[in-house]
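Here the structure comes first, spelled out in structure tokens, and everything after it is commentary.
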Amino acid sequence: MSGSGPASESFVFRPVGFIKTAFREKFGIPRQSGLVEEALGRLELVAPYDRPEAFRHLERFSHVWLLWVAHKATGDPSSLMVRPPRLGGNRRVGVFASRSPFRPNAIGLSAVRLLAVEADAVPPALKLAGVDLLDGTPILDIKPYLAYSDAIPDAEGGFAPFAPAKALTVSFSAAAEAFLSEYPEGERLRTLVEHLLELDPRPAYREARGGAYAFRLEDVDVRWRVYGSGVEVTEFSRVAGDAT
């Protein structure tokens, strides 16, 4: 810690682990945790937090909070106003009235489902569902979710009072169907892609437009086009050198 007053204090945090997910780029990641249950993650712990006693009794909880670093955020962290997607990407609110990753400190917070504690694995890991994190995201801390205090039934959601509706109907081309029939865990990939695209991952200011798009999941490039209220997955292609 350095400096002479509260505003000038600095702190050093070290990750307790790093998460592995299907998301190789920011485009396509759900905008909040829990929106796509099929978005899986494996949080691998690092020393000295990779000892079984660190997880003792964690398996009794159904969900955990993850505190993480938005290590690929490229926006201006000093900006006090942001454009949230729920307001169409064209209206500004204060940074503290949003969950934008472009923050004074690039720290994120996600509530995710805990599927399993693999305390005896090498390295020890947590299997998670409903993640909204880029592959390789550093995790600063893990805390159990407590329903009696963390869930507030009468809380008001401001400009985002409800979960986003499914905006698009998803279909798959013949070529995409053929790829899925041959791909290991093709049905898992199909379900993940369908649920990601239903929520329309495009930037909010482009939602009214059609066009062709692509993102990468695991070792697969996914190409899709939007027409009206529908989206067709036109092509899957394997990416050389990227393991699942």
Side-chain angles (χ1 to χ4, degrees), residues 18-44 66 68 70-75 85-86 88-89 99-101 108 110 112-113 115 127-137 163-244:
F18 297 85
I19 194 166
K20 293 184 175 181
T21 76
F23 303 112
R24 299 298 194 263
E25 55 191 46
K26 290 178 284 184
F27 182 46
I29 298 178
R31 290 183 176 132
Q32 300 295 338
S33 59
L35 291 180
V36 179
E37 188 75 6
E38 294 78 11
L40 304 180
R42 178 181 175 83
L43 171 51
E44 297 184 346
L66 301 180
W68 46 274
H71 64 304
K72 296 293 186 179
T74 56
R86 291 296 289 271
R99 296 197 178 193
S100 167
S110 298
V112 299
R113 181 179 296 278
L115 298 179
K127 291 181 65 176
L128 307 167
V131 303
D132 58 343
L133 300 174
L134 187 68
D135 185 58
T137 294
K166 295 178 180 180
L168 298 172
T169 301
V170 182
S171 62
F172 295 81
S173 71
E177 292 283 6
F179 179 94
L180 291 170
S181 69
E182 299 292 334
Y183 183 75
E185 297 189 75
E187 284 305 308
R188 178 185 63 85
L189 179 60
R190 175 201 297 275
T191 302
L192 176 59
V193 169
E194 182 175 4
H195 290 181
L196 290 173
L197 294 183
E198 283 176 339
L199 295 173
D200 197 347
R202 293 174 297 167
Y205 61 87
R206 301 190 67 172
E207 286 182 359
R209 306 178 188 176
Y213 301 87
F215 54 59
R216 182 168 297 179
L217 295 174
E218 298 176 348
D219 65 337
V220 177
D221 278 338
V222 184
R223 300 185 185 280
W224 43 285
R225 65 181 184 89
V226 178
Y227 54 94
S229 61
V231 55
E232 181 185 42
V233 180
T234 57
E235 181 185 3
F236 293 102
S237 58
R238 296 290 288 264
V239 180
D242 193 349
T244 56

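- With sequence neighbours excluded, no residue forms a ring pair (Phe, Tyr, Trp, His ring centres under 6.0 Å) with F18.
- Looking only at side-chain heavy atoms (C-beta outward), L197 and V233 come within less than 4.5 Å of each other.
- Here the OG-CZ distance, from S237 to R216, works out to 8.0 Å after rounding to the nearest 0.5 Å.
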Could you walk me through whether E232 and Y227 pass the side chain to side chain contact (heavy atoms under 4.5 Å, CB included) check?
CA-CA 8 Å; E232 181 185 42; Y227 54 94; 4.0 Å; yes
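- With hydrogens and angles disregarded, a donor-acceptor distance shorter than 3.5 Å links the side chain of T234 to the backbone of R223.
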Let's go through L180 and E187 carefully: what are the C-alpha distance in whole Å and the side-chain angles of both, what is the deciding distance for side chain to side chain contact (heavy atoms under 4.5 Å, CB included) to 0.1 Å, and is it a yes or a no?
CA-CA 7 Å; L180 291 170; E187 284 305 308; 5.5 Å; no
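- Judged purely by distance below 3.5 Å, without hydrogens or angles, the side chains of S110 and W68 pair a donor atom with an acceptor atom.
- D200 and A167 get closest at one heavy-atom pair: CB-CB, 4.1 Å.
- In this structure, K26 and L134 approach most closely via the heavy-atom pair N-CD1, 3.8 Å.
- Aromatic ring orientation, F236 versus F179: parallel (interplanar angle below 30°, classes split at 30° and 60°).
- A salt bridge is absent between K72 and E25; no separation between the charged side-chain nitrogens and carboxylate oxygens falls under 4.0 Å.
- Residues G136 and H71 come closest through the heavy atom pair O-NE2, 3.8 Å.
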Between T169 and V231, is a side chain to side chain contact (heavy atoms under 4.5 Å, CB included) present by the stated rule, with each step listed?
CA-CA 6 Å; T169 301; V231 55; over 6 Å; no
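- Under the side-chain contact (heavy atoms from CB on, under 4.5 Å) test applied with L128, the options L133, L66, L115 reduce to a single match, L66.
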Tell me, with the steps shown, if E185 and R190 meet salt bridge (charged side-chain N to carboxylate O under 4.0 Å, His left out).
CA-CA 9 Å; E185 297 189 75; R190 175 201 297 275; over 6 Å; no
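- Scanning for ring pair (Phe, Tyr, Trp, His ring centres under 6.0 Å) contacts around F23 gives an empty result, with sequence neighbours left out.
- Heavy-atom minimum distance, G230 versus L168: N-CD2, 4.1 Å.
- When all heavy atoms are compared, the tightest approach of L217 to L192 is CD1-CD2, 4.2 Å.
- To the nearest 0.5 Å, the span separating CZ on F215 from CZ on R202 amounts to 12.0 Å.
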Determine, step by step, whether L35 and D132 satisfy the side chain to side chain contact (heavy atoms under 4.5 Å, CB included) criterion, reporting the C-alpha distance in whole Å, the side-chain angles of both residues, the deciding distance to 0.1 Å, and the verdict.
CA-CA 8 Å; L35 291 180; D132 58 343; over 6 Å; no
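- The list of side chain to side chain donor-acceptor pair (under 3.5 Å) pairs with a residue in residues 33-42, not counting sequence neighbours, reads E37-R113, E38-H195, R42-E44, R42-E118.
- A salt bridge links E218 and R188; the closest N-O separation between the charged side-chain nitrogens and carboxylate oxygens is under 4.0 Å.
- When all heavy atoms are compared, the tightest approach of L196 to P201 is O-CD, 3.8 Å.
- Under 4.0 Å is where a charged nitrogen must lie from a carboxylate oxygen, and between D135 and K20 no such pair does.
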